Amino acid sequence: MDPYAYIREQIIASVGALADAGIVPSNMDFANLAVEAPRDPSHGDVATNAALVLTKQAGMKPRDIAAPLAERLAGLEHVTAADIAGPGFINLRLSDDFWRARLGDVLAAGPGYGDSTQANGAKINVEYVSANPTGPLHVGHVRGAVYGDVLANLLSKVGYDVCKEYYINDAGSQVDELARSVHLRYREALGEDIGAMPEGLYPGDYLIPVGQAIAARDGDDWLNRAETEWLAEFRSFSVDAMMDLVRADLASLGIEQDVFFSEEGLHNEGGITSGVDSLAGKGLIYTGVLEPPKGKTPEDWEPRPQTLFKASEFGDDVDRPLKKSDGAWTYFAADVAYHHDKLQRGYLQMVDVLGADHGGYVKRLKAVVKALSDDQGSLDVRLCQMVRLLRGGEVVVMSKRAGNFVTLRELVEEVGRDVVRFMMLTRKNDAPLDFDFDAAREQSKDNPVFYVQYAHARICSVLRRVADELPELAVEPENLAGADLARLTDSAEIDLIKQMAAWPRAVEAAAQAREPHRIAFYLNELASSFHALWNKGNAEPNLRFIMAADQPTTQARLALIKGVAFVLASGLAIIGVEPAETM
RNA sequence: GCGCCCGUAGCUCAGUUGGAUAGAGCACCGGAUUUCUAAUCCGGAUGUCGCAGGUUCGAGUCCUGCCGGGCGCGCCA
């Protein structure tokens, strides 16, 4: 049971009773009624703004609503106090038994604690990474990859039917350049000295084995032929090879996406036409001339009639071209088709995770989805800011020209998958993030992953010790659920339960806000509370978890920390990090 | 010139979608270790929430205008 939802129902019922008694008007709107934990715990367990929210509708002063309502709430089961504070807040205290029962909820749910049916199985598509298939992933891709993956986990947790998707940009000129680069590597594999890779092509060593693979398969079949003859074959072979590389990179981070959607497929199978036709059918396409861009006007700008989408009718700044001067579709046209395809597949809700440098693209994408779906679909574009790498207090400088990008693989190999995943969530997505190699390798609380893992490992350690020292004490979750929780009397123990009881709501709020970093922050706080309680046992031996002389209390405390372990595991599962059992 | 994002303690950042006296970590000082893993914990203080208005019972949060920083701005992808 979510205590806040429960209290909210009780408040609404109580207001109804007051209405029946003629004290307040009936049929009031409770949309803005909030029930939450007060920031200051001394104010109580839950606070509500009910009287403040209803004051306008009721035409009464806040205190005149709060007084009878508080009196009524004070009479409810589990409520031990109801005080009016400030301008008209009602602060409630709930009995320790009520909270102990919440620990029972945790133990019954296990690592599934916090699962929600909030989304009710609604379909949602989360697109992330979508890096050009021209090379291995580097640190610039990592943040979006982790963010998207954890968001997908989080949305599943609250009941969405999630599709994790990757859009392969395999139709543009960059894959032609990839193919040309590989052709050079192919010639090299056949013994030719190709010298330095020409400007504009991809110099990376990772293409050497691709050239060799074609040489091994086809020999010199492609050697003395025109580019038009080999380009398509080299392109498709190279893209396949690069996507294998990308998938392996993602796998090293524990990421496995469901759909890899090819842009070129849209071009080949008339997908673009079908997407654009859909807009045309709504009368949203016309031929017109665009103004030159503001600011720096390109030298070769010339006004020209173009096929345009009326994006400005859907919140974009200007209408957007769908065809280039040579008659080919623009990249944007492919994006129209791509989102059209997602809608056709039944995804009314979509999330695109993009780098911050795509900020200028957001409005037109949202306009497309709005237009194509007659405002039924929604697209949420989440931008991830840059990651700066720090080593020894210095910024690690990377440049495209020098080709010294730190790859995703190097990052994972140096600090480990769990650390990378967790560290990427230590900031909200739209704030820049510093990734400090020194902190990432640290085995202390400077390293948030370690800190949370350590809490989990400590709990496992206690349970192992009990199995060893008190073998007659059953420590399986089903046994612990039957423990006499009334033995938990210390305020620190009850506070820990309260913190756990906030988990389901934290999960739902994080999912709704599309902010997976909140999970990481929650886990850090829960771990902190656990470590504090642990140390309290050092100072006061009668607060230790294992009390050999008092087995019922020991069992109750084991139930408490097993609950913490479940919540930690539940959260780490969303982040995609293994809960460590030993360290 | 325009659009989007950001601006909170000395530093790095949270801030429960509008709630009460704005919070953590780092750094700095002091304390706890015959341990259920001290890889941890406890105590100590700092704020013009960039500036100025507005909306209302109530603003770090919403609106407007400035200031400062980042990203982007024709058919590239």
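Here is the naming used below: chain letters follow the sequence lines, and residue numbers restart at 1 for every chain. This structure is a prediction, so every number in the text was calculated from the model and none was measured. Side chains are part of it too, since the values below use all heavy atoms of this structure and drop only hydrogens, waters and symmetry mates.
- Both key distances under 3.5 Å define a Watson-Crick or G-U pair, and stretches of 3 or more such consecutive pairs in RNA chain B run B:1-7 with B:67-73, B:10-13 with B:23-26, B:28-32 with B:40-44, B:50-54 with B:62-66.
- A/His43 is not listed as a side-chain neighbour of A/Phe89, based on a closest heavy-atom distance of 4.5 Å or more.
- Relative to the side chain of A/Arg465, the nucleotides B/G19, B/A39, B/C36 differ in distance, and B/C36 lies closest.
- Side-chain polar atoms of A/Asp352 and A/His358 form no donor-acceptor pair below 3.5 angstrom.
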Going 5' to 3' through nucleotides 7-16 of chain B and flagging B where a protein heavy-atom sits under 4.0 Å of the base, S where only the sugar-phosphate is that close, and - otherwise, we get -----SSSSB

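- Counting only N and O atoms by type, the side chains of A/Ser528 and A/Lys445 include no donor and acceptor under 3.5 Å apart.
- The phosphate of B/C36 (OP1 or OP2) has a side-chain N or O of A/Arg544 nearer than 4.0 angstrom.
- Among the heavy atoms of the strands lying under 4.0 Å from A/Gln443 is at least one base atom, whether or not backbone atoms are also near.
- Side-chain atoms of A/Asn49 lie closest to B/G19 of the nucleotides B/U37, B/G19, B/U40.
- Nucleic acid contact class of A/Ala539 (heavy atoms, under 4.0 Å, all strands): none.
- Across the C1' atoms, B/C66 and B/U12 are found 28 Å apart, a figure rounded to whole Å.
- As judged by a 4.0 angstrom heavy-atom cut-off over every strand, A/Lys445 is placed among residues touching the sugar-phosphate backbone only.
- Considering only side-chain atoms of A/Val462, the nucleotide from B/C75, B/A39, B/C36 that sits closest is B/C36.
- Across all strands shown, A/Thr55 has no heavy atoms under 4.0 Å from either base or sugar-phosphate atoms.
- A/Pro87 comes within 4.0 angstrom of a base, heavy atoms only.
- In this structure, the OH atom of A/Tyr331 is 17 Å from the C1' atom of B/G74, given to the nearest Å.
- For B/A39, the base is stacked against the aromatic ring of A/Phe450, per a cut-off of 5.5 Å between centres and 30° between planes.
- Nucleic acid contact class of A/Ala457 (heavy atoms, under 4.0 Å, all strands): base.
- Rounded to a whole Å, the CZ atom of A/Arg364 is 14 Å from the P atom of B/G72.
- Residue A/Lys324 places at least one side-chain N or O closer than 4.0 Å to OP1 or OP2 of B/A77.
- Nucleic acid contact for A/Ser325: base, since at least one base atom lies under 4.0 Å from a heavy atom of the residue.
- Here the side chain of A/Phe545 is nearest to one of B/C36, B/A77, B/A20, namely B/C36.
- Contact annotation for A/Tyr451: backbone-only contact, meaning every heavy-atom pair under 4.0 Å involves sugar-phosphate atoms and none involves a base.
- Contact check, A/Arg63 against B/C57: no side-chain N or O comes under 4.0 Å of OP1 or OP2.
- Among B/A20, B/A39, B/C71, the nucleotide with an atom closest to any side-chain atom of A/Asp357 is B/C71.
- Counting any heavy atom pair closer than 4.0 Å across all strands shown, A/Ala34 reaches no nucleic acid atom.
- Contacts between residues 382-389 of chain A and RNA chain B, counted as heavy-atom distances below 4.0 Å, involve no residue at all.
- Heavy atoms of A/Ser461 sit under 4.0 angstrom from at least one base atom.
- Among the nucleotides B/A77, B/A20, B/A39, the one closest to the side chain of A/Ala85 is B/A20.
- Between A/Tyr4 and A/Tyr6, the gap from one ring centroid to the other reaches at least 6.0 Å.
- With A/Trp329 as the aromatic partner, A/Lys324 does not meet the cation-pi criteria of under 6.0 angstrom to the ring centre and within 45 degrees of the ring axis.
- Within 4.0 Å of A/Gly172, counting heavy atoms only, lie sugar-phosphate atoms of the nucleic acid but no base atom.
- Contacts of A/Leu52 with the nucleic acid, taken as non-hydrogen atoms under 4.0 Å apart, include base atoms.
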